[in-house]
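Take a look at the structure set out below.
Both counts, for ligands and for their atoms, begin at 1 and track the order of listing.
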Amino acid sequence: MAGNRTFTMIKPDAFEAGNSGAILKMIEEAGFKIVAMKATRLTPELAGKFYEVHKERPFYKDLCAYMSSGPIIAAILEKDNAVEDFRNLIGATNPANAAEGTIRKIFAKSIEANAVHGSDSDENAAIEGNFYFSQLERVL
Ligand code: IDP
Ligand code: MG
């Protein structure tokens, strides 16, 4: 059975551009409930940990520098079929390939600075939510 939670970040490009509110509005209007949320900032080391699965990829170093370049918003979201529905809401990794009306199509600046993160599986949604939020911050 598909899980009902996913994890997202509003990335530094979208936060800096003042698009956090518009993105959160799209997320809520698509039926996701915010069950934990905070504004924070990654260090390069923490970004490296979060994206460890990509450490052999050529873009890893740049990605860690970019993700620690400014504030972000981290959130746990709830909806039926959350992981798949949220990936559909955000669109393809490269905004050039993202469908019309998706968050990345509207707000992303590049394949790297692509406005938002969305978990790719129920298992990673739980791992990523736990990375950012303590048990006390996950009371809902
Ligand atoms: P996803 O965020 O759509 O799941 P992943 O392949 O998991 O995409 O990549 C993680 C993040 O790494 C992307 O969201 C993007 O910020 C960055 N990224 C992915 N592919 C590239 C690339 O080819 N060049 C630069 N950055 C990339
Ligand atoms: Mg991914």
Would you be so kind as to tabulate the donor-acceptor pairs closer than 3.5 Å made by side chains of residues 78-98, with sequence neighbours excluded?
residue: Glu78; atom: OE1; partner: Arg5; partner atom: NE; Å: 2.7
residue: Glu78; atom: OE1; partner: Arg5; partner atom: NH2; Å: 2.7
residue: Lys79; atom: NZ; partner: Asp85; partner atom: OD2; Å: 2.6
residue: Asn81; atom: ND2; partner: Glu84; partner atom: OE1; Å: 3.2
residue: Asn81; atom: ND2; partner: Asp85; partner atom: OD1; Å: 3.0
residue: Arg87; atom: NH1; partner: Gly118; partner atom: O; Å: 2.8
residue: Asn88; atom: ND2; partner: Glu84; partner atom: O; Å: 3.4
residue: Asn94; atom: OD1; partner: Ala96; partner atom: N; Å: 3.0

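- Residues in residues 23-37 take part in these salt bridge (Lys or Arg N to Asp or Glu O under 4.0 Å) pairs, two or more places apart or across chains: Lys25-Glu29.
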Distance dump, ligand 1 polar atoms to protein, N/O, under 3.5 Å:
residue: ligand 1; atom: 2 (O); partner: Arg104; partner atom: NH2; Å: 3.0
residue: ligand 1; atom: 3 (O); partner: Arg87; partner atom: NH2; Å: 3.1
residue: ligand 1; atom: 3 (O); partner: Thr93; partner atom: OG1; Å: 2.5
residue: ligand 1; atom: 3 (O); partner: Arg104; partner atom: NH1; Å: 3.0
residue: ligand 1; atom: 4 (O); partner: Arg87; partner atom: NH1; Å: 2.8
residue: ligand 1; atom: 4 (O); partner: Arg87; partner atom: NH2; Å: 3.2
residue: ligand 1; atom: 7 (O); partner: His54; partner atom: NE2; Å: 3.0
residue: ligand 1; atom: 8 (O); partner: Thr93; partner atom: OG1; Å: 3.3
residue: ligand 1; atom: 14 (O); partner: Lys11; partner atom: NZ; Å: 2.9
residue: ligand 1; atom: 14 (O); partner: Asn114; partner atom: ND2; Å: 2.9
residue: ligand 1; atom: 16 (O); partner: Lys11; partner atom: NZ; Å: 3.1
residue: ligand 1; atom: 16 (O); partner: Glu112; partner atom: O; Å: 2.8

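- Results of the side-chain contact (heavy atoms from CB on, under 4.5 Å) test with Met37 over Leu24, Ile76, Thr8, Ile10 single out Leu24 as the only residue that passes.
- Within the cation-pi definition used here (under 6.0 Å to the ring centroid, within 45° of the axis), Lys11 does not qualify as a partner of Tyr66.
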Donor-acceptor contacts under 3.5 Å from residues 49-61 side chains, at least two apart:
residue: His54; atom: ND1; partner: Arg57; partner atom: NH1; Å: 3.0
residue: Tyr60; atom: OH; partner: Gly48; partner atom: O; Å: 2.8

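- A donor-acceptor pair under 3.5 Å is formed between the side chain of Asn130 and the backbone N or O of Ala126.
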